[in-house]
Structures are given as structure tokens and as C-alpha cells.
Amino acid sequence: MKISIITVCYNAEDTIKDTLESVLKQTYKNYEYLIIDGKSTDNTLKIIKEYESQFLGKMKIISEKDKGLYDAMNKGVKNATGDIIGLINSDDVLSHDRVFEKVVKNIKGVDGVYSNLLMLDEHLEKPYRLFKTKTVSKKWGFAMPHPTLYLKKEVYEKCGDYNTNYKITADFDFMLRIIKGNFKFKYVDDYFVYMRSGGKSTNGLKGYYENFKESYRCLKENHVFLPFLTNVKRTISNVFIQKIESKNKNELEIALKHNKKPMLVQINTVCNGSTGKIMGDIQRKAILDGYKTLSIYGRRKGYKDLNCIKVGGFFSFWFHVFLTTLFDKHGSGSYFKTKKIVNILRKENPDIIHLHNIHGYYLNYKVLFEYLKKEYTGKIYWTFHDCYPFTGHCPHFEDVGCSKWKTQCKHCPNKKRYPTSLFIDSSKSNYRKKKEMFTGLKNLTIITPSDWLHDLVKQSFLKEYPVVTIHNTINKQIFKPTRDKSVLKKYGIPMNKKIILGVASVWNNRKGLQDFITLSHLLDSNFQIVLVGLTKMQIKKLPKNIIGIARTEDQVELAKFYSSASYFVNPTYEDNYPTVNLEAIACGTKVIAYDTGGCKEQINKNNGIIVPRGDIQKIATYLQK
């Protein structure tokens with residue numbers, strides 16, 4: 001059976017996401033989703049359209065002025081093509097992912113089904129009221145909770161529209177009419193809907209007064225026995241329902257716990273760059289899977305569309321830099337900022353904590369891991385984006401051929417590289433401290449984006465943990481072959497030359513900046529090198545035959561760069577599983593990369609070549625052959 005689910009909305013930008021996501025996660029997929037928007041003037045329609053593609057053609061949007069809530073409901077019912085019709089308000093949510101499944105299962109042999117209704121606070125966290133109506137009554141006007149009601153389409157066809165002469169109780173009038181009809185209803189002891197408090201008919205004493213007047217009229221016009229006394233009883237019950245239902249507090253808490261969204265908290269240095277993109281993609285996928293989510297980050301800007309908290313600060317950052325630069329004590333600063341992170345974790349008590357980069361001058365790993373060891377009982381996942389967790393100093397050691405990390409770091413050859421220490425070498429004590437803090441967790445799984453890093457972890461002091469390789473992914477709806485040369489015109493890039501593209505979130509010699517400068521002297525005038533992600537100072541210092549472009553977070557524009565290039569070159573000396581390679585390949589551009597980290601797991605003879613690290617001459621020869 002096909003379900004038509006209807007959401008009426010107007011200027012609902014603060015709540016519509018929750019509603020959309022609750023529909024999107026339903027396990028029963030034979031449905032259509034009708035959005036009846038009253039020509040919203042805020043971002044409601046924009047948010048809806050952002051979600052539209054995820055419904056795979058199931059969503060139909062009507063945005064036009066209407067005569068109010070019930071006129072819009074009638075519009076939705078008239079456009080519905082399903083066998084069953086239900087409504088979900090734009091500030092309410094379906095309480096779990098099996099609501100449609102339960103509706104279809106229980107509606108067989110009856111004309112409609114309904115459940116209990118749980119009213120929560122504005123954050124959908126604290127129970128406010130519980131409505132339970134196991135039986136309905138023609139004589140006394142006892143009706144089911146309208147937000148939980150699902151009816152077969154023929155009920156609407158026989159009983160007619162919502163009466164738009166009522167401003168706030170047309171739904172009550174409609175339910176009285178269907179109760180008087182010869183229809184069969186089934187009560188399902190579940191919670192189909194979580195309703196936010198504060199609707200027109202539930203908001204304050206004025207709301208109760210207006211509701212009383214219209215409800216009395218509904219009862220009288222539908223010939224309910226003793227309409228005035230019945231209405232007084234209903235109103236008193238509504239006004240004092242919190243006290244009346246306080247005995248059901250345990251039941252409310254059990255219901256919430258049963259239907260509570262699992263929570264995921266992620267921690268990373270930043271929300272942008274490759275690791276920030278990965279964290280954001282995980283968070284968006286988790287939301288679609290029904291999780292409540294939060295990302296905690298240390299520096300730069302946060303996500304515009306996701307729940308995130310910045311913990312880093314100016315003084316904390318620079319004091320951490322001071323400790324690192326003078327004493328090689330990276331990861332030992334930011335004490336109070338990490339205490340803030342721990343307090344957030346205690347408050348949220350997430351089911352899953354997902355760690356990403358814990359370096360970057362924002363986090364004290366001793367404070368965090370003491371909490372994880374002594375207090376936290378949920379699952380921990382830690383994605384290694386580099387080798388920092390099992391070395392005494394550096395995130396990468398491949399280019400210097402160091403293997404001290406296997407037994408005991410000391411006399412670090414990378415001491416003056418990030419995280420830079422100009423004076424003291426504390427790699428030996430750092431190594432011992434990390435080994436002490438990072439081992440002994442019973443609930444930790446390590447995730448590596450490449451088999452290369454997986455093998456390194458299994459040779460380190462962290463080999464006791466389960467290690468899973470999950471390759472980084474990209475958004476292929478964005479990164480795809482794009483026939484749009486406007487980006488070349490925008491940045492003054494000649495269209496009559498072969499474009500050699502390089503992209504990095506941070507450029508330095510370890511990312512191949514000097515190698516690109518060398519390459520520019522080896523290529524003839526038929527080639528144009530374009531580097532994206534440079535600072536203003538770096539752009540000023542470039543030779544004239546390289547076009548430098550500042551860092552961009554515009555992924556659509558980045559896809560145009562990839563698609564316009566003849567080759568994407570990635571001469572990085574240190575990396576794990578570069579997403580820039582994946583993005584270029586997805587855009588149909590061949591990749592030339594050094595044999596670094598997991599690059600050879602990405603590149604084959606069909607999409608590019610791998611060359612030995614530092615062999616810039618081989619890259620030049622390949623390009624000009």
C-alpha cells in the first residue's frame with residue numbers, strides 16, 4: 001500500500017529539517033511526500049529543495065499562497081495519490097524509523113489507525129505531555145490525537161474537506177465527523193509522532209480560550225451530548241494535563257528512551273579541508289540514519305548546516321604554540337579548552353565518540369583520554385588521517401625514512417617540521433606518554449583510510465586494537481565531469497593550453513610546491529600550471545608561468561577546475577589517502593602522483609600513473625610525450 005504523507009509549512013526554517021529527516025529515514029519506502037508551502041519568506045523552501053534529491057523522486061513541492069493551515073491541508077489531500085493519507089506538521093517529527101511500516105501493518109481490515117501522542121519541549125528532548133486515547137466516543141466527543149492519525153483515502157472522499165470556517169479546530173471537527181461515520185479505527189500502543197509544544201491550539205491561556213470557543217462550536221454542530229459540559233471537561237483536562245499525567249512520568253521517560261535518537265559526537269581540528277569534509281560527510285550520513293549529531297572543532301570556521309561547537313581560542317592556541325615551539329610539548333596545552341570538551345561529552349553522553357585529528361594546537365590528549373578511560377562507556381572510533389597517534393612528534397616520517405616509531409622515538413629528524421619545535425626534542429617522553437594514554441581502551445576501533453596506514457598501525461604500539469580500512473569517499477554528485485569553462489575565464493587561465501592542475505588545502509615543499517616550480521621550468525609554452533589553495537604571499541612569489549589561486553571552499557568551482565585540466569599532478573611527499581586524487585579522477589582527469597602513502601591504492605593504468613617520489617623529470621617526460 002502506498003502512503004501519502006503531507007507536510008504543511010510556512011516560515012518553518014528552524015524546524016523543517018527535523019521533519020524532513022524523520023520522513024527520510026523511514027524503512028517503508030512505498031510513499032510519496034507532499035510539501036504544501038504557503039509561499040514562505042524565510043529559508044524554508046531553500047532547505048526543502050536541498051533535501052529534495054534525497055527523496056529520489058518521492059517528493060512533490062507546492063509553494064503558493066493559501067487561506068491558512070486547513071486550506072493547505074485540503075490542498076495536500078486533493079493532490080495525494082496514495083492508498084493511505086497521513087499528516088506531519090512542519091515542527092513535529094515521526095518518532096522512529098518504522099512508523100510507516102507499523103501503519104501499513106495495522107491498517108489492514110480497518111479504515112484508520114492512530115497512536116499515542118507525546119508532546120515535547122522545543123528541542124524534542126524533555127517530555128511535556130502525553131495524550132492517550134485508546135477508545136473514541138461518538139456520544140462524548142472523545143477523538144484520537146490528530147497528528148497520529150492515518151486514514152485510507154476513501155475516508156477523506158466520503159467525509160469531505162477540513163472545514164476552513166474553523167481557524168484552529170478544523171482537525172477536531174473533522175475527527176468528530178469521521179467518528180460519527182461508519183468507519184473502523186485501530187489504536188496502536190506506540191508513539192507515531194513527537195510534537196513540539198507551542199501550536200496555535202496549545203499556546204498559553206489565550207490559546208486555550210480560543211480553542212474552548214471553537215471546540216464548543218464543533219461539539220454543538222456535530223450533535224455531541226451536553227456539548228458545553230463536555231467542552232469544559234476537555235479544556236480542564238488540557239490545561240492541567242501535566243499534573244494529571246505526572247503519574248505517567250516514568251512511562252514518558254521510558255517512551256523517550258525507547259525512541260531516543262542515538263548520538264554521535266566527532267572531534268577534529270577543523271571543519272574545513274579534507275579531514276573537515278570527511279567529518280561533515282559522516283555527520284550528514286549519521287543524521288540520515290537517525291542519529292543526533294555534534295561536531296567539536298578547534299580552529300577556523302564551523303559548518304553552516306550542521307550542529308558544531310568551536311572550543312579553541314586565541315590565547316589557548318598561541319600558548320599551545322609556545323609550548324610546542326620551545327619545549328616540543330604538542331598535545332600538552334589547551335588544558336581548559338579540553339576540559340570544556342570533556343564537560344560537553346559528559347552532558348551529551350553520546351553513544352559514539354569519533355575522533356579525527358587530535359593535533360593542531362587545540363586539544364590536551366591526556367585530559368581527553370583520562371575521561372575516555374575512566375568514565376566513558378560508549379563506543380570510540382578513531383580515524384587516523386596521519387601517523388601522529390603513534391609517533392613521538394611527527395604526523396609523517398616517510399620522506400626521512402625513519403622507523404624509530406616502531407620501538408622508541410628519540411632524536412627526531414622531523415623536530416623542526418610541524419608541529420615545529422625549535423629547541424628541545426621531547427620525542428622520547430612524548431612517545432612514552434602517548435603509549436601510556438592511548439593503550440588500554442576496551443572500546444576503541446581504529447579506522448585507517450588506506451591499507452598503507454593500516455599496515456603501519458599494526459606495527460606500532462597500537463597493534464592491540466582492531467583496525468579497519470575504510471577508504472575516504474567524495475561527493476560524486478558534485479565531483480563529476482563538468483563541461484563548464486567559465487572558471488578559466490574567471491581566473492584568466494588560457495583556454496588554448498594544456499592545463500596542469502595542483503590542489504592542496506595547505507601548500508609547502510612537502511606538498512610539492514617546489515616540485516611544481518621545478519616542473520614549470522621543464523615544460524614548454526604549450527602547458528599552463530594552475531595551483532589552487534595558495535596564500536597571497538605564495539602567489540606573489542610564484543614564477544610567471546604558474547597561475548596561483550587562493551584557497552576555495554566552493555566544491556562546485558573546484559569540480560570545474562578538475563574537469564578543465566588536462567592532468568592533475570600531486571607531487572606530495574607525505575599523505576595518507578588523498579581526497580584530491582579521488583576528486584580529480586571522478587571529474588574524468590588523469591592523475592600523476594608520487595608513490596606516497598595510499599596513492600597507489602587509488603591510481604591504476606586507466607586513471608593515471610604513479611612515479612617515484614621526487615622524480616619530477618619523469619612527470620615532465622610523461623606530460624610531453
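The structure presented is a predicted model; accordingly, all values stated were derived computationally and were not measured.
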Between [atom1] of [X] and [atom2] of [Y], what distance do you get to the nearest 0.5 Å?
X	Y	atom1	atom2	answer
Ile344	Ile267	CD1	CD1	8.5 Å
Lys489	Asp484	NZ	CG	11.5 Å
Asp455	Thr448	CG	OG1	8.5 Å
Leu34	Lys60	CG	NZ	6.5 Å
Ile296	His356	CD1	NE2	11.5 Å
Phe397	Leu456	CZ	CG	5.0 Å

Counterpart residues, ring pair (Phe, Tyr, Trp, His ring centres under 6.0 Å), relative to [X] (two or more places apart):
X	result
Tyr365	Phe438
Tyr491	Phe561
Phe568	Tyr562
Tyr465	none

- Task: Decide yes or no on ring-ring contact (aromatic ring centres under 6.0 Å, His included) for Phe390 and Trp382, but give the supporting numbers first.
- Result: CA-CA 13 Å; Phe390 53 87; Trp382 191 357; 9.7 Å; no
Hey, are the side chains of [X] and [Y] touching, using non-hydrogen atoms and a 4.5 Å cut-off?
X	Y	result
Asp351	Lys379	no
Ile610	Cys599	yes
Leu345	Pro350	yes
Thr324	Thr420	no
Ile549	Ile493	yes
Lys560	Leu558	no

- Quiz item: cation-pi between Lys434 and Tyr388, 6.0 Å / 45°: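 Yes, a cation-pi geometry holds between Lys434 and Tyr388.
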Please check this pair: side chain of [X] against backbone of [Y], looking for a donor-acceptor N/O pair closer than 3.5 Å.
X	Y	value
Tyr381	Ile446	no
Asn11	Thr41	yes
Gln528	Asn545	yes
Ser22	Leu94	yes
Thr15	Ser90	yes
Thr589	Ile585	no
Ser520	Ile517	yes
Thr482	Lys480	yes
Asp595	Val611	no
Trp507	Val532	yes

- Query: In terms of side-chain geometry, is the basic nitrogen of Glu574 or Arg510 positioned less than 4.0 Å from the acidic oxygen of its partner?
  - Reply: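 A salt bridge is present here (some side-chain N lies under 4.0 Å from a carboxylate O).
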- Side-chain ion pair, Glu583 and Lys277, N-O less than 4.0 Å: yes
With sequence neighbours excluded, what pairs up with [X] under the salt bridge (Lys or Arg N to Asp or Glu O under 4.0 Å) test?
X	value
Asp451	none
Asp14	none
Lys490	Glu557
Asp328	none

- Message: Walk me through whether His354 and Ile447 qualify under side-chain contact (heavy atoms from CB on, under 4.5 Å).
- Response: CA-CA 10 Å; His354 191 154; Ile447 299 171; 4.3 Å; yes
- Task: Please determine, by modelled atom types, if Ser40 and Asp37 share a side-chain donor-acceptor pair under 3.5 angstrom.
- Result: yes
- Message: With no hydrogens and no angle check, just 3.5 Å: does a side-chain donor-acceptor pair link Asn581 and Gln602?
- Response: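 Indeed, the side chains of Asn581 and Gln602 share at least one donor-acceptor pair under 3.5 Å.
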- Item | Candidate pair Asn570 and Thr572, rule side chain to side chain donor-acceptor pair (under 3.5 Å), full reasoning | CA-CA 6 Å; Asn570 188 10; Thr572 179; 4.7 Å; no
- Item | side chain to side chain donor-acceptor pair (under 3.5 Å) assessment of Asn268 paired with Thr275 | CA-CA 8 Å; Asn268 190 35; Thr275 62; 3.1 Å; yes
Tell me which donor-acceptor pairs under 3.5 Å the side chains of residues 312-323 have, and how far apart each pair is, sequence neighbours excluded?
unit_1: Ser316; atom_1: OG; unit_2: Ser334; atom_2: OG; d: 3.4
unit_1: His320; atom_1: ND1; unit_2: Ser334; atom_2: OG; d: 2.7
unit_1: His320; atom_1: NE2; unit_2: Gly331; atom_2: N; d: 2.9

- Pair His393-Ser427, side chain to side chain donor-acceptor pair (under 3.5 Å): steps then yes or no: CA-CA 5 Å; His393 176 86; Ser427 60; over 6 Å; no
- Message: Heavy-atom count check: over 12 atoms from other residues, nucleotides or ligands less than 6.0 Å from Met495 CE?
- Response: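 Atom CE in Met495 is packed in, count exceeds 12.
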- Can you establish whether the number of heavy atoms outside Lys458 located under 6.0 Å from its atom NZ is more than 12?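 Yes, the 6.0 Å shell around NZ holds more than 12 heavy atoms from other groups.
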- Please name all residues satisfying side-chain hydrogen bond (donor to acceptor under 3.5 Å, both in side chains) with Thr44, sequence neighbours left out, ordered by chain then number. Asp42
- Task: Just grab all the ring-ring contact (aromatic ring centres under 6.0 Å, His included) pairs involving residues 593-617, residues at least two apart or on different chains.
- Result: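 Every pair satisfying ring-ring contact (aromatic ring centres under 6.0 Å, His included) with a residue in residues 593-617: Tyr573-Tyr594.
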- Message: Parallel, tilted or perpendicular: which one describes the rings of Phe55 and Tyr33, with boundaries at 30° and 60°?
- Response: tilted
- Between His359 and Tyr418, what is the ring plane arrangement, given parallel below 30°, perpendicular above 60°, and tilted in between?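 Ring orientation of His359 relative to Tyr418: perpendicular.
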Please set out all donor-acceptor pairs under 3.5 angstrom arising from side-chain atoms of residues 279-290, sequence neighbours excluded.
unit_1: Gln283; atom_1: OE1; unit_2: Ser295; atom_2: OG; d: 2.6
unit_1: Gln283; atom_1: NE2; unit_2: Thr293; atom_2: OG1; d: 3.0
unit_1: Gln283; atom_1: NE2; unit_2: Asn307; atom_2: O; d: 3.0
unit_1: Arg284; atom_1: NE; unit_2: Asp305; atom_2: OD2; d: 3.0
unit_1: Arg284; atom_1: NH1; unit_2: Gly280; atom_2: O; d: 3.3
unit_1: Arg284; atom_1: NH2; unit_2: Asp305; atom_2: OD1; d: 3.1
unit_1: Arg284; atom_1: NH2; unit_2: Asp305; atom_2: OD2; d: 3.3
unit_1: Lys285; atom_1: NZ; unit_2: Asp289; atom_2: OD1; d: 3.2
unit_1: Lys285; atom_1: NZ; unit_2: Asp289; atom_2: OD2; d: 2.8

- Message: So which atom in Thr596 and which in Asp575 form the shortest heavy-atom distance, rounded to 0.1 Å?
- Response: CG2-N, 3.5 Å
